Number of protein chains: 2
Amino acid sequence: MTGKVRASVSIKDIARAAGVSPSTVSRALHSHPGISAETGDRIRLLAEEMGYTPSLPARSLVTRDTATIGMVITHASDPFLARLVVGVEECARSEGYAVFLSSSYRDAEREQEVIRSFHERRASGVIVTGSQIGTGYLELSQRFPLPIVLTNCSGYPYSVSTDNQAGAQQAVEHLVHSGHRRIAYVSNQRSSRTNRERLAGYRAVLQEHAIPVDDDLVLEGDGTLEGGARAAQQMLASSQPPTAVFCFNDMAAIGVIHAFNRADYRVPHCCSVVGFDDLELAGYYCPPLTTVRQPSYEIGRRAMRMLLKLIQGREDVQTEILPAELVVRETTRPVPRSARKEKGR
Amino acid sequence: MTGKVRASVSIKDIARAAGVSPSTVSRALHSHPGISAETGDRIRLLAEEMGYTPSLPARSLVTRDTATIGMVITHASDPFLARLVVGVEECARSEGYAVFLSSSYRDAEREQEVIRSFHERRASGVIVTGSQIGTGYLELSQRFPLPIVLTNCSGYPYSVSTDNQAGAQQAVEHLVHSGHRRIAYVSNQRSSRTNRERLAGYRAVLQEHAIPVDDDLVLEGDGTLEGGARAAQQMLASSQPPTAVFCFNDMAAIGVIHAFNRADYRVPHCCSVVGFDDLELAGYYCPPLTTVRQPSYEIGRRAMRMLLKLIQGREDVQTEILPAELVVRETTRPVPRSARKEKGR
DNA sequence: TATAATTGTGCAAACGTTTGCGGGAGCCGC
DNA sequence: GCGGCTCCCGCAAACGTTTGCACAATTATA
């Protein structure tokens with residue numbers, strides 16, 4: 001059982017105190033024309049004194065607008081969200097919207113529950129990151145009759161993503177150009193579209209360079225530190241560990257580096273590692289992480305702009321795909337000539 | 001200018017379709033007694049078919065309860081929030097509340113704005129982490145007539161915190177027991193109460209062991225990677241760098257370790273470092289970070305329970321202070337006997 | 001001075017719900 | 001056949017706003 005809110009002063013209370021009608025108070029507070037300056041000032045002063053705060057639920061009932069956008073995130077401290085959320089908040093703010101976050105914990109049911117919760121509160125629209133439902137929203141659109149834009153789900157018509165495949169290709173190109181041929185990939189959950197795209201990039205580069213793709217070299221991960229570490233254990237247990245590994249994201253990369261270090265399989269001396277995202281942390285890890293940078297602030301900003309268009313009923317929107325950029329730091333390096341001979345092919 | 005929400009099906013639409021009155025629909029949807037099973041089923045089916053989602057704003061207007069709690073966080077990807085938010089969400093959920101997050105960016109004005117935003121939406125209560133206002137809420141209580149509980153602000157009557165001073169003492173004790181005598185502290189923003197408490201703990205231990213506290217050894221930081229790195233630069237530039245440093249939190253600690261490493265001032269060989277928080281990342285850093293663990297899940301859970309009490313109008317609540325726990329990993333080690341001789345005292 | 005335009009304010013409906021109260025229909029027992 | 005009871009359901013008020021319209025008072029125009 002939930003509890004009641006403390007009594008708040010209403011527009012009627014002010015009206016009574018000022019000896020005017022509620023409508024006059026409403027108009028005064030909005031500085032409508034047609035209210036004398038004197039009454040207006042008196043009412044506004046009174047409202048201030050009485051500690052009046054308008055009730056948005058009541059207001060939204062008649063205006064049919066909550067000026068609220070909901071954002072579903074994976075969890076509160078997902079480091080990938082840092083710049084992305086700033087992007088959406090800044091954009092939303094400048095248009096008079098407030099944004100509220102709620103976490104899905106990468107669970108499809110929770111995600112739907114959160115969306116429903118936003119809809120019940122009549123949010124103007126929602127942005128979802130790390131969706132487990134993805135293109136499934138196309139069928140759910142009458143269940144959730146509110147504008148939804150996704151990030152990193154290029155199959156959904158209202159989405160903005162980074163070019164995952166191209167980003168992955170840059171990463172793997174970098175590795176093969178450094179002489180690596182046994183290159184592993186540690187994945188995200190299989191179902192993830194983003195994962196499929198990055199995996200495709202990985203495979204494309206290998207094929208292009210006539211390097212056989214060895215299925216034992218694609219490890220199951222989940223985008224977490226722990227998942228990365230687990231994948232690293234598997235690699236270490238193999239008879240012929242890779243000399244380089246490309247990871248779904250930076251967290252996984254840190255997980256594998258950590259596990260490699262523990263096993264004295266040094267990065268980058270024994271093995272190169274590259275991540276994805278370019279978290280702020282990446283530059284502070286040891287060694288500083290080579291990774292591919294997502295323009296996450298820009299993703300957030302554009303997602304919000306797209307959502308605004310949808311809210312306004314405009315349909316001239318289309319999926320946006322933003323470029324990724326490889327940033328080379330210190331977890332990658334050329335394989336030594338000697339090693340290249342024995343390990344090559 | 002914000003935009004209107006798409007038309008939703010209302011209880012009246014269902015009533016019309018079912019040939020009954022709105023009140024009957026309402027009662028049917030809530031499975032009130034006094035509605036025949038047949039009509040009830042018919043209405044519920046119809047509601048499902050028509051894609052009805054109740055309007056919480058409208059509902060809350062009459063029930064005077066939004067079943068919503070607001071949580072203000074510093075920013076979306078603050079790693080300290082990981083377990084804390086889970087704690088409040090799980091507790092809230094079990095009591096039928098939804099929780100929404102909004103970021104303050106450690107700015108007092110933004111923080112007030114967020115609180116006001118929650119109050120306008122008639123949230124039942126709010127929890128704020130990393131408050132810049134702190135005990136200032138005591139004076140703001142009539143401006144924000146809704147229950148507020150703070151975390152890590154032990155001066156505020158409705159708060160749950162970790163025992164910062166005791167935690168800091170454990171950390172510094174550990175360092176002096178390892179033979180260190182030149183121990184630095186890298187702080188958070190000065191104003192922060194949490195910072196003052198940890199600093200007090202630091203000073204207390206030094207005094208207890210008759211180690212003079214050198215003001216040059218308390219460095220200004222801000223709890224970020226970058227701030228930690230800056231503080232490290234300062235220490236390195238000094239004529240006599242410390243042999244150990246205690247940091248306000250893990251992020252700062254990682255920042256100093258990173259900067260130390262860059263300068264080939266190895267951790268822990270040349271210098272021990274201990275953080276605060278025990279982020280998940282701490283165990284994955286290299287070397288794995290010695291730190292003091294905050295019971296952050298428990299903080300979240302208790303904060304939410306406290307808030308629930310306040311919402312119910314109970315006043316039998318009081319500040320809670322939870323114990324911290326030192327976890328020793330690999331960024332600290334005894335100072336070598338030789339060094340102890342030349343550096344000691 | 002009568003009329004028209006202007007200015008300031010109030011009335012009432014509406015938004016989508018919930019809920020106390022009253023009332024009609026059916027049934028029972030006498 | 002009548003009173004009483006139970007079972008379903010509708011009426012209407014209320015929550016806190018906004019807003020179209022009417023209206024009274026004041027001022028400008030003829």
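Computed from a predicted structure; not experimentally measured. Proteins come first, then strands; the chains are lettered A, B, ... in the order of their sequence lines, and each starts at number 1.
- At a threshold of 4.0 angstrom between heavy atoms, the contacts of A/Ser23 include nucleobase atoms, whether or not backbone atoms are also involved.
- Listed pair A/Ser21 / C/dG10 meets the phosphate criterion, a side-chain N or O lying under 4.0 Å from OP1 or OP2.
- When the nearest nucleotides of DNA chain C are assigned to B/Leu61 and B/Thr24 by heavy-atom distance, the more 5′-ward of the two goes with B/Leu61.
- Between the P atom of D/dG16 and the CZ atom of A/Arg122 lies a distance of 20 Å, rounded to the nearest Å.
- The aromatic ring centroids of A/Phe100 and B/Phe118 lie less than 6.0 Å from each other.
- At a cut-off of 3.5 angstrom, counting only N and O atoms as typed in the model, there is no donor on one side facing an acceptor on the other between the side-chain of A/Arg121 and the base of C/dG16.
- Proximity of A/Arg59 to the phosphate of D/dG16: no side-chain N or O atom is located under 4.0 Å from OP1 or OP2.
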I'd like to know whether A/Val72 forms a side-chain contact (heavy atoms from CB on, under 4.5 Å) with A/Ser102, so could you lay out the CA-CA distance, the side-chain angles of the two residues, the decisive distance to 0.1 Å, and finally the verdict. CA-CA 5 Å; A/Val72 8; A/Ser102 191; 5.5 Å; no
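- Look at B/Ser60 and you won't find any side-chain N or O under 4.0 angstrom from OP1 or OP2 of C/dT17.
- Of the two residues contacting DNA chain C, namely A/Gly40 and B/His32, the nearest-nucleotide position lying further toward the 5' end is that of A/Gly40.
- B/Pro57 comes within contact range of no nucleotide atom at all, as no heavy-atom separation falls under 4.0 Å.
- Side-chain nitrogen and oxygen atoms of A/Thr39 include at least one within less than 4.0 Å of the OP1 or OP2 phosphate oxygen of C/dT9.
- Between B/Ser26 and C/dT17 there is no side-chain polar atom (N or O) within less than 4.0 angstrom of OP1 or OP2.
- In the interface, the side chain of A/Arg64 is not paired with the base of C/dG16 through any donor and acceptor atom under 3.5 Å apart.
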Annotated structure of DNA chain D as dot-bracket, pair cut-off 3.5 Å, Watson-Crick or G-U only, | for inter-strand, is ||||||||||||||||||||||||||||||
